There are 4 protein chains.
Amino acid sequence: MTSPIRHTPRKQPRQARSQQMVDTLLDAAVRVLGERGLEATTTNEIARVAGVSVGSLYQYFPSKEAMLAAALDRKFTRGIERVFEVPAPDGGSFAEQMRDGLRAAIDLYRGDLEFFRAVLLHVPRVGRVEALRAHVHAGRERLRDALIARSAELRPVDPELAAFVIVSAIEWVILTCVLEQPERLSDPRLVEELIALVGGYLAPRPGP
Amino acid sequence: MTSPIRHTPRKQPRQARSQQMVDTLLDAAVRVLGERGLEATTTNEIARVAGVSVGSLYQYFPSKEAMLAAALDRKFTRGIERVFEVPAPDGGSFAEQMRDGLRAAIDLYRGDLEFFRAVLLHVPRVGRVEALRAHVHAGRERLRDALIARSAELRPVDPELAAFVIVSAIEWVILTCVLEQPERLSDPRLVEELIALVGGYLAPRPGP
Amino acid sequence: MTSPIRHTPRKQPRQARSQQMVDTLLDAAVRVLGERGLEATTTNEIARVAGVSVGSLYQYFPSKEAMLAAALDRKFTRGIERVFEVPAPDGGSFAEQMRDGLRAAIDLYRGDLEFFRAVLLHVPRVGRVEALRAHVHAGRERLRDALIARSAELRPVDPELAAFVIVSAIEWVILTCVLEQPERLSDPRLVEELIALVGGYLAPRPGP
Amino acid sequence: MTSPIRHTPRKQPRQARSQQMVDTLLDAAVRVLGERGLEATTTNEIARVAGVSVGSLYQYFPSKEAMLAAALDRKFTRGIERVFEVPAPDGGSFAEQMRDGLRAAIDLYRGDLEFFRAVLLHVPRVGRVEALRAHVHAGRERLRDALIARSAELRPVDPELAAFVIVSAIEWVILTCVLEQPERLSDPRLVEELIALVGGYLAPRPGP
DNA sequence: TATGAATGAGCTTTCATTCAT
DNA sequence: GATGAATGAAAGCTCATTCAT
């Protein structure tokens with residue numbers, strides 16, 4: 001029953017199986033959420049779609065709310081993390097760095113368009129999904145620091161306020177595309193316009 | 001619609017009473033929504049707050065969903081109409097008109113902060129509240145037309161695209177304030193920053 | 001549609017209908033409780049037996065626990081109240097009063113034997129049903145007062161302790177009959193033995 | 001069952017281990033029951049406390065009900081056996097024997113107060129715990145025989161009836177203490193009062 | 001045998017909706 | 001029309017029990 005050399009594990013190690021179940025459930029949650037919206041999403045349906053029992057769902061998540069939070073969190077965490085990490089910390093001009101970050105952001109949404117549309121359309125607290133907010137917040141701080149570092153090149157601004165304005169503005173331009181005009185995401189002019197928006201906002205004002 | 005001599009019947013038993021009941025119900029819905037959030041908002045509670053019976057509610061609205069939609073639509077319609085009508089069609093510079101419109105928008109949200117927070121936090125498909133979207137769309141078109149009319153003063157842009165970018169950007173800066181930093185709504189610099197954002201974006205680029 | 005003299009109320013007055021629903025539900029609860037025991041008693045089943053919807057049940061009782069408590073309370077309250085009120089406050093000797101009370105108690109259980117058997121067999125906290133306890137407690141106090149009033153005729157005792165002992169002893173002799181030997185309840189010697197028990201306990205001890 | 005020279009196998013792999021597991025489980029059940037009450041007692045929790053798996057529990061008991069019954073039975077059996085065996089069959093007067101037995105009973109409950117309270121408060125069919133009833137019944141029979149044996153010293157009674165009355169009365173005085181006034185269990189007067197109760201009941205009536 | 005992850009029937013409770021009055 | 005008691009489908013969650021490993 002055991003051979004000297006084992007090729008397949010006798011049984012899945014504990015953690016691996018758990019992780020797989022968690023993933024299966026979160027995938028199912030994301031799918032059901034997208035298909036039916038928050039109000040119509042039930043734990044029983046998620047479990048059914050995941051191909052497991054409700055009992056199992058509750059073995060891994062203490063409540064419906066916790067599981068939905070985890071599902072959204074995972075999706076957003078994976079993606080949005082990348083966006084704010086793309087601009088190489090030391091490479092290129094401010095505009096070039098911005099361009100890289102914006103492209104990454106747009107690609108993030110474009111690559112998972114259906115999911116994001118579903119979630120943004122159906123899930124309440126649009127801008128509130130916690131992970132999204134956390135990353136947006138982190139983005140603001142990074143931008144604020146960049147503004148401080150490069151303040152010599154820029155119009156005098158309150159870095160905090162400016163970062164807030166810029167991040168919010170860009171966030172919603174892109175999300176509005178996702179929601180209303182997905183084809184715009186493929187328009188190369190979109191990035192340029194956003195750069196113009198930010199660039200114009202930060203550019204030193206010409207003297208009187 | 002009003003004339004010095006009244007031609008309408010002394011009492012309008014049917015329609016007037018109906019309209020009043022509808023208003024009462026919609027007000028109650030808005031209030032409950034604002035106070036308790038979507039999840040705790042029930043038709044029975046709305047009727048109770050309105051001082052009528054649930055039965056009456058269903059006389060005027062076919063379902064809970066329909067009634068909440070109507071309530072939100074009316075709220076947004078009333079407010080957003082004002083916002084886009086504030087800039088006097090012919091008065092002042094572009095920047096002045098913009099300033100007036102932005103102030104009106106900010107005041108709109110600030111004047112009913114708790115309600116808008118509740119709605120934006122809890123109501124699914126925020127991005128889809130039809131009246132909101134419709135008016136945002138109308139706003140885009142008005143802005144596009146203004147951009148075309150004043151294109152001589154501005155950097156060359158695709159008016160459609162630029163209007164889209166500007167309206168989306170401003171929308172979310174303000175809504176993010178509503179959701180996350182309400183105190184910013186009272187900061188006079190907010191309007192100025194938004195004007196800087198739009199102004200910088202549209203300003204003719206200095207030559208090479 | 002209305003005649004000068006009305007013979008049947010146009011509709012049941014509010015309170016009467018409510019009270020009837022409450023009664024119907026409590027009757028059903030008592031029945032289901034008796035038939036299935038506490039653990040197997042569900043609110044849905046109670047409602048079904050009562051011929052109303054679960055929703056109605058929850059209109060009148062805030063929770064399952066509250067409704068079961070009310071059901072048992074009502075039954076016990078009605079009956080046990082009588083027992084401790086039977087002994088005419090001023091009539092007859094102590095033994096005669098006791099005899100009356102004991103007969104009333106026995107008759108109480110005998111008259112509703114099936115219900116009491118069901119409840120005592122199935123419901124947890126046998127001796128804990130709150131109403132039962134409350135009345136037992138009241139009984140103890142009345143007995144204590146009687147013992148104090150008649151202390152001259154009795155062996156010197158701590159009235160509190162003696163009342164406790166007597167009431168508990170009698171309570172369980174009768175309840176054990178209910179549970180295990182219902183036929184004994186019809187044995188006239190039972191009352192005599194209980195009187196002997198109490199009488200012997202309280203009788204002045206013969207001198208050494 | 002134990003002899004100086006051991007004849008049983010050095011290790012009893014099968015039965016001994018089984019018996020130990022059963023004991024562990026029953027101990028755990030009793031403990032959980034005492035600590036959490038019936039409603040919060042789950043098979044999984046019992047297994048966890050016992051340090052074995054639920055699967056093992058079901059190897060030894062066909063159902064939760066069966067296991068709890070076994071647990072309570074064992075507990076009562078152990079305790080009550082002692083109580084009824086305490087009065088040395090041939091030693092001392094009737095009153096002395098009674099006093100020994102009563103003290104043993106009181107000590108039994110006092111020694112495990114929390115458990116007995118939990119069980120009496122929460123376990124359905126208290127009156128039906130089989131071991132308790134069986135031993136109470138045995139106690140009645142022993143008392144009946146004693147009454148017959150000593151009938152010369154006593155008031156003429158139906159021994160069966162008298163034993164029933166006495167055992168029930170005493171049972172509930174003690175259990176009521178357990179449930180409502182645990183501190184009374186430590187009052188030395190309690191035993192004396194119970195002896196007075198029984199003694200007065202059985203004492204030959206003076207008189208003409 | 002022992003394990004404990006997985007199962008899923010079934011419970012309590014809510015609330016949109018109806019309809020007799 | 002207006003009322004609000006009554007309805008009952010359906011939700012979230014638990015836990016006795018099973019069975020692959």
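Letters A, B, ... are given to chains in the order of the sequence lines, protein chains preceding strands, and every chain is numbered from 1. From a predicted model like this one, the values you see are computed outputs, not experimental measurements.
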Please set out all donor-acceptor pairs under 3.5 angstrom arising from side-chain atoms of residues 44-52 of chain C, sequence neighbours excluded.
| from | atom 1 | to | atom 2 | distance (Å) |
| --- | --- | --- | --- | --- |
| C:E45 | OE1 | C:R48 | NE | 3.2 |
| C:E45 | OE2 | C:R36 | NH1 | 3.4 |
| C:E45 | OE2 | C:R48 | NH2 | 3.2 |

For A:Y60, all residues meeting side-chain contact (heavy atoms from CB on, under 4.5 Å), sequence neighbours excluded: A:S18, A:M21, A:V22, A:L25

Listed partners of B:V30 passing side-chain contact (heavy atoms from CB on, under 4.5 Å), at least two apart: B:A71, B:K75, B:F115

For C:T43, side-chain hydrogen bond (donor to acceptor under 3.5 Å, both in side chains) partners two or more places apart: none

Shortest non-hydrogen contact from D:M67 toward D:L26: CE-CD2, 3.7 Å

Spacing between C:I46 atom CD1 and E:dT12 atom P, to the nearest angstrom: 8 Å

N or O in side chain of C:S56 less than 4.0 angstrom from F:dT7 OP1/OP2: yes

Closest-nucleotide ordering on DNA chain E, the 5'-leading residue of B:S63 and C:T43: C:T43

Any residue of residues 48-55 of chain B with a heavy atom less than 4.0 Å from an atom of DNA chain F: B:V52, B:S53, B:V54, B:G55

Touch class at under 4.0 angstrom, heavy-atom based, for C:T42 against every strand present: sugar-phosphate

d(CG, D:L57; P, F:dC15) in whole Å: 15 Å

With B:D27 via side-chain hydrogen bond (donor to acceptor under 3.5 Å, both in side chains) - residues at least two apart: B:R74

Nearest-Å distance for atom pair CD/C1', residues A:Q59 and F:dA16: 14 Å

Those residues that, when tested against D:S53, pass side-chain hydrogen bond (donor to acceptor under 3.5 Å, both in side chains) (two or more places apart): D:S56

Integer-rounded Å distance: E:dA5 C1' and A:M21 CE: 9 Å

Most 5' of A:N44 and B:K64 on DNA chain E, judged by nearest nucleotide: A:N44

A:F61 to A:A70 - nearest heavy-atom pair and separation: CE2-CB, 3.8 Å

Touch class at under 4.0 angstrom, heavy-atom based, for D:Y60 against every strand present: sugar-phosphate

Spacing between C:Q20 atom CD and F:dA5 atom P, to the nearest angstrom: 15 Å

Whole-Å distance separating the CD atom of A:E65 from the C1' atom of F:dA11: 15 Å

Atom-pair distance (OH on C:Y58; C1' on F:dG4), nearest Å: 21 Å

Value in whole Å for how far the P atom of E:dG4 lies from CD of D:E45: 15 Å

Set of side-chain hydrogen bond (donor to acceptor under 3.5 Å, both in side chains) partners for A:S63, sequence neighbours left out: none

For DNA chain E, stems built from three or more consecutive Watson-Crick or G-U wobble pairs below 3.5 Å: E:2-21 with F:2-21

